[in-house]
Enquirer: 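The structure under discussion is supplied below as structure tokens; questions concerning it will follow.
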Amino acid sequence: MPAGFSLPGVATSHGWYALAPYRWEAATLTLHRVEALPSGVVAHLEITQDGETLCVRSDKELTAADIGEVANRVRWCLRLDEDLSEFGELCAADPELCASVQPSGGRLLRCPTLWEDVVKTILTTNTTWAQTKAMAARLVAVLGAPHPDAPSLRSFPTPEAVASNEETLVAQVRLGYRNASVLKIGRDIASGALDLEALKSGELSTPELRKRLLSLPGVGPYAAATLLMILGRYDELAVDTELRAHVRRKYLGGAVETAEKQLREPYEKWGRWRYLAYWFDPR
DNA sequence: TTCCAGGGGTAGA
DNA sequence: TCTACCCATGGA
């Protein structure tokens with residue numbers, strides 16, 4: 001575990017913990033998640049921290065291969081292997097920012113698969129956070145793999161489950177016009193025409209990665225920047241209504257009509273750490 | 001009713 | 001490159 005790692009800090013570093021199948025239990029500082037594993041087992045995982053130790057409990061007996069897979073997924077989701085020391089050093093000059101970053105160390109929670117992060121990012125576009133949570137909950141409840149002992153607990157749906165259930169997706173999950181994008185991406189992954197997980201390898205340059213993300217239906221500049229953040233590339237700001245409101249209020253004296261260049265300006269000096277500098281900028 | 005929310009796609013200039 | 005318009009959904 002990285003020095004100073006805090007599970008509560010990382011888990012709540014942005015809103016993803018509130019989107020199914022994640023659930024954060026504040027009273028016990030436990031991150032819950034239902035995962036479908038390679039052996040076919042659907043398990044309820046509970047992630048907690050005890051001092052310098054991260055504990056992952058499964059309510060189902062797991063094979064050695066499943067245990068290895070769980071470990072890999074948890075490491076990815078909590079960014080245990082990501083080196084953010086340079087960002088931390090740059091923050092040190094600004095006590096307020098430093099305090100804002102401190103709980104998570106700059107680690108933003110992500111999902112085990114890029115497929116899940118892409119879908120959830122699309123679910124944040126042109127809607128309210130309450131509706132994003134509701135759409136994610138319906139997606140999991142309707143198309144996720146059920147836990148054997150508690151069918152109300154489900155994993156995040158596979159691309160195949162989405163691809164082969166268009167009518168159910170439209171009628172029961174109700175993503176609005178986002179149905180078409182999610183369906184297309186699911187079908188392309190299921191058919192082998194698209195390999196999203198390959199984008200996690202780190203081999204592509206940030207501009208090339210951005211280009212690939214922008215080629216996905218339903219992914220524009222905002223979503224691509226958000227997904228670059230998911231992939232550990234923080235160069236690009238995700239300009240949305242939240243960022244606009246924040247920059248106008250904090251840096252532009254409440255100006256209404258503002259060019260995008262003006263909105264980006266306060267974070268230009270942060271270079272490859274722009275996204276994090278904005279994200280943790282005290283409101 | 002009307003507006004619009006952590007935007008995206010498209011046509012037309 | 002920029003602007004205008006439409007896009008399902010559901011809450012205010």
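Computed from heavy atoms alone, side chains included, the values below leave out hydrogens, waters and symmetry copies. Every chain is numbered from 1 and lettered A, B, ... according to where its sequence line falls, protein lines coming before strand lines.
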Enquirer: Using a 4.0 Å cut-off on heavy atoms, which residues in residues 111-134 of chain A reach DNA chain C? List them by number, or say none.
Expert: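 Of all residues in residues 111-134 of chain A, the ones placing a heavy atom under 4.0 Å from DNA chain C are A:N126, A:Q131.
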Enquirer: CH2/A:W76 to NZ/A:K200 distance, rounded to the nearest 0.5 angstrom?
Expert: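 One gets 5.0 Å once the value is rounded to the nearest 0.5 Å.
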Enquirer: Anything under 30° is parallel, anything over 60° is perpendicular, the rest tilted; go ahead and classify A:Y234 against A:W273.
Expert: parallel
Enquirer: Say you pick atom P in C:dG11 and the same atom in B:dG8; how far apart are they, in whole Å?
Expert: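 Straight-line distance between the two P atoms is 23 Å.
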Enquirer: 5'-most contact on DNA chain B: A:L214 or A:H14, nearest heavy atom basis?
Expert: A:H14
Enquirer: Measure up the A:W24 and A:Y17 rings against each other and bin them: parallel (under 30°), tilted (30 to 60°), perpendicular (over 60°).
Expert: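 Answer is perpendicular, since the angle exceeds 60°.
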Enquirer: Counting only side-chain N and O atoms of A:R174, is one of them less than 4.0 Å from OP1 or OP2 of C:dG10?
Expert: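 True: A:R174 side-chain N/O within range (under 4.0 Å) of C:dG10 OP1/OP2.
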Enquirer: What pairs of nitrogen or oxygen atoms, one from the protein and one from nucleotides 11-13 of chain B, lie under 3.5 Å apart?
Expert:
none

Enquirer: Would you call the rings of A:Y275 and A:Y278 parallel, tilted or perpendicular, taking 30° and 60° as the class edges?
Expert: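 If you compare the ring of A:Y275 with that of A:Y278, the planes turn out perpendicular.
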Enquirer: Determine the Euclidean distance between corresponding C1' atoms of B:dG6 and C:dA4; express it in Å to zero decimal places.
Expert: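 After rounding to an integer number of Å, I get 22 Å for this pair.
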Enquirer: How close or far is atom C1' of C:dC7 from atom CG of A:N179, stated in whole angstroms?
Expert: 12 Å
Enquirer: Angle class for the A:H44/A:H32 ring planes (parallel below 30°, perpendicular above 60°, tilted otherwise)?
Expert: parallel
Enquirer: Quiz question: going by heavy-atom distance under 3.5 Å, is there a donor-acceptor pair between the base of B:dG9 and the side chain of A:Y177?
Expert: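 Not at all, since no donor on one side and acceptor on the other fall under 3.5 Å apart.
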Enquirer: Taking for each residue the nucleotide of DNA chain B bearing the nearest heavy atom, is the 5' side occupied by A:L216 or by A:Y275?
Expert: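 Nearest-nucleotide comparison on DNA chain B picks A:Y275.
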